[in-house]
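The sequence lines fix the lettering, A, B, ..., with proteins before strands; numbering per chain opens at 1. None of the values given here were measured: they were computed from a predicted structure.
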4 protein chains.
Amino acid sequence: MARGINKVILVGNLGNDPETKYTQSGMAVTRISLATTSVRKDREGNTQERTEWHRVVFFGKLGEIVAEYLRKGSQVYVEGEIRYDKYTGQDGQERYSTDIVANEMQMLGGRGGGEGGGERPQRSAAPRREYGGGGQQRNAPAQSPQPAAEGGFNDSFGDDDIPF
Amino acid sequence: MARGINKVILVGNLGNDPETKYTQSGMAVTRISLATTSVRKDREGNTQERTEWHRVVFFGKLGEIVAEYLRKGSQVYVEGEIRYDKYTGQDGQERYSTDIVANEMQMLGGRGGGEGGGERPQRSAAPRREYGGGGQQRNAPAQSPQPAAEGGFNDSFGDDDIPF
Amino acid sequence: MARGINKVILVGNLGNDPETKYTQSGMAVTRISLATTSVRKDREGNTQERTEWHRVVFFGKLGEIVAEYLRKGSQVYVEGEIRYDKYTGQDGQERYSTDIVANEMQMLGGRGGGEGGGERPQRSAAPRREYGGGGQQRNAPAQSPQPAAEGGFNDSFGDDDIPF
Amino acid sequence: MARGINKVILVGNLGNDPETKYTQSGMAVTRISLATTSVRKDREGNTQERTEWHRVVFFGKLGEIVAEYLRKGSQVYVEGEIRYDKYTGQDGQERYSTDIVANEMQMLGGRGGGEGGGERPQRSAAPRREYGGGGQQRNAPAQSPQPAAEGGFNDSFGDDDIPF
DNA sequence: TTTT
DNA sequence: TTTT
């Protein structure tokens with residue numbers, strides 16, 4: 001029963017390799033620093049460039065995938081939500097941090113990115129979701145404005161099962 | 001291993017009450033017609049208004065919630081993906097349809113909307129996702145730019161469990 | 001020549017009335033505090049609720065509209081980008097802040113929100129965009145709440161002008 | 001005074017080279033066919049893959065940029081809105097089409113994509129956006145007669161001018 | 001700290 | 001600080 005939408009969509013490049021730690025229960029928690037640069041013209045007509053560095057955190061399976069496939073320089077699509085935290089530093093001072101808690105990730109560009117591991121294939125990841133739930137299979141070819149069409153997709157329920 | 005992002009975000013009002021049918025396996029499939037109106041100025045400076053009517057479909061539990069809580073006139077936030085289908089009409093002609101397959105929904109405005117059922121409380125719904133997975137509980141107060149802070153939130157793993 | 005996408009979409013309620021100040025050049029800068037609440041189940045099955053308070057800032061005309069139409073309690077859709085700032089406090093300490101710089105806003109729910117000014121009509125606002133740019137006008141027929149399709153829209157260029 | 005949000009975010013690859021035509025008034029109208037592939041597991045645990053082919057249209061300056069920099073195979077981020085159209089075919093039959101009218105585009109992967117033109121640098125494009133709206137006049141960079149997008153940063157006012 |  |  002959420003009240004509100006808190007959604008972030010980022011496309012950017014990693015400033016460093018991902019850093020992964022594990023919780024006591026063994027869950028991966030991977031962090032990346034993601035740059036997004038935007039450009040605008042100021043009132044004098046000069047080009048102004050500004051880069052934001054996002055702290056993005058991936059939990060669980062997603063964290064493992066990020067750790068394995070992303071590297072410094074990798075370009076990535078991330079979807080998640082903003083989380084603001086307050087904590088007390090070692091000096092007793094209150095500090096604030098802002099993180100993007102990712103729930104979807106997609107590698108871009110077809111190459112892993114920077115240096116090593118570049119041979120990784122492009123892939124994406126998100127929490128599994130089951131579609132449909134009905135009976136037999138249907139073959140509903142995708143609409144393709146192009147000659148060659150895509151193969152059928154399975155709605156997981158047969159034609160007779162479709163109520164519309 | 002998806003290749004691509006196909007994401008739709010809509011905020012609009014229902015043109016009619018939702019229509020629900022059930023698959024043979026008992027899964028709800030609820031459809032709504034959702035209006036979004038945009039306004040632009042043409043080059044003559046005249047205001048141009050245009051309404052798009054989106055066919056949105058909700059499966060399973062989400063379909064049941066939509067059927068129960070939304071009515072003609074209800075304002076709603078919908079997130080989903082575009083699905084293009086091709087089928088053959090009774091006249092043997094090929095036809096195309098475009099649907100938004102919803103995976104998240106949130107009622108807006110606090111009132112159900114139109115006529116009946118208006119007493120429904122505001123609520124939202126999306127496929128359950130489990131967060132974290134670690135051990136004990138932590139109390140990580142939300143960052144509040146203001147004096148009074150938010151109560152703790154449970155990351156499902158204790159402080160000692162947090163690797164950062 | 002931007003490199004990256006930095007996009008935030010929020011739906012939430014104002015915790016207080018908007019606060020507006022003006023730059024020396026007379027531009028409005030309006031700030032709101034926007035709450036989004038999410039709910040998840042922890043691994044024990046307990047419902048966990050957490051509210052994020054977003055600092056959202058609106059510049060210029062958008063800032064004026066927000067100041068005029070939104071109130072404490074108002075529900076609103078906001079689109080913008082994340083901006084991280086670092087500054088030095090009066091105590092000489094470095095501090096960080098995170099803001100959502102809004103570029104689109106839409107009032108939700110049909111009522112202004114909280115207390116006064118509730119009689120405001122629902123409206124939205126965003127930087128004006130010109131559509132089309134071509135020749136004559138087309139007719140923009142009424143909308144049918146039904147079948148997916150749309151009647152004509154005014155593309156600001158005549159049918160003969162449409163290259164497809 | 002829009003009522004509603006109609007937003008589409010796509011990341012995909014072009015199935016063919018872009019096709020550009022010009023209106024009588026000389027505005028570019030460029031179309032691409034963009035593939036997004038998603039994967040899900042059906043209830044039998046089998047992997048199901050489905051590709052949607054989106055018809056995306058870019059007007060004005062954005063259309064020119066797409067025509068120049070994108071090629072078959074290029075990976076691209078697109079933001080826009082859904083537009084449903086109804087028209088009458090040569091056979092007198094009513095037909096429907098669905099287009100994504102883009103207002104923002106960003107090339108991904110650093111390489112143009114498929115075959116020729118691969119040497120193009122990565123870049124992005126969106127209609128210029130002016131921030132603010134206050135006092136004197138700012139320099140308003142040329143506007144493309146087209147869609148439009150959002151605001152952004154570029155505070156265009158000095159530090160002393162910032163009221164927060 | 002990335003990327004161009 | 002909102003909202004439910």
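- Closest to the side chain of S33(A), from the set dT3(F), dT1(E), dT3(E), is dT1(E).
- Taking the charged nitrogens against the carboxylate oxygens, R50(C) and D42(C) have no contact shorter than 4.0 Å, which rules out a salt bridge.
- As rounded to whole Å, 12 Å separates atom P of dT4(F) from atom CD of E49(C).
- Remark: P of dT4(E) and CD of Q48(A) are 22 Å apart, rounded to the nearest angstrom.
- Between the CZ atom of R50(A) and the C1' atom of dT1(E) there is a distance of 16 Å, given to the nearest Å.
- Comparing atom distances between the R3(C) side chain and each of dT2(F), dT1(E), dT4(E) picks out dT4(E) as nearest.
- When the C1' atom of dT3(E) is taken as reference, atom CG of L108(A) falls 13 Å away, rounded to whole Å.
- Counting non-hydrogen atoms under 4.0 angstrom, T36(A) reaches nothing in the nucleic acid.
- Distance CG (L34(A)) to C1' (dT3(E)): 11 Å, rounded to an integer number of Å.
- An aromatic stacking contact between W53(A) and the base of dT2(E) is absent, as defined here by ring centres under 5.5 Å apart and ring planes under 30° from parallel.
- Salt-bridge check for D99(A) with R31(A): passed, with a basic side-chain N closer than 4.0 Å to an acidic carboxylate O.
- Between E79(A) and K7(B) a salt bridge is recorded (basic side-chain N to carboxylate O distance below 4.0 Å).
- When every heavy atom of Y69(C) is checked against every heavy atom of S74(C), the shortest pair comes out as O-OG, 4.5 Å.
- Atom-to-atom, CD1 of I32(A) to P of dT1(E) comes out at 17 Å; the value is rounded to the nearest Å.
- Distance, L14(A) CG to dT3(E) C1': 11 Å, rounded to whole Å.
- When rounded to the nearest whole Å, the span between OH of Y69(B) and P of dT4(F) equals 15 Å.
- With hydrogens and angles ignored, a donor-acceptor pair closer than 3.5 Å exists between the side chain of N16(A) and the base of dT1(E).
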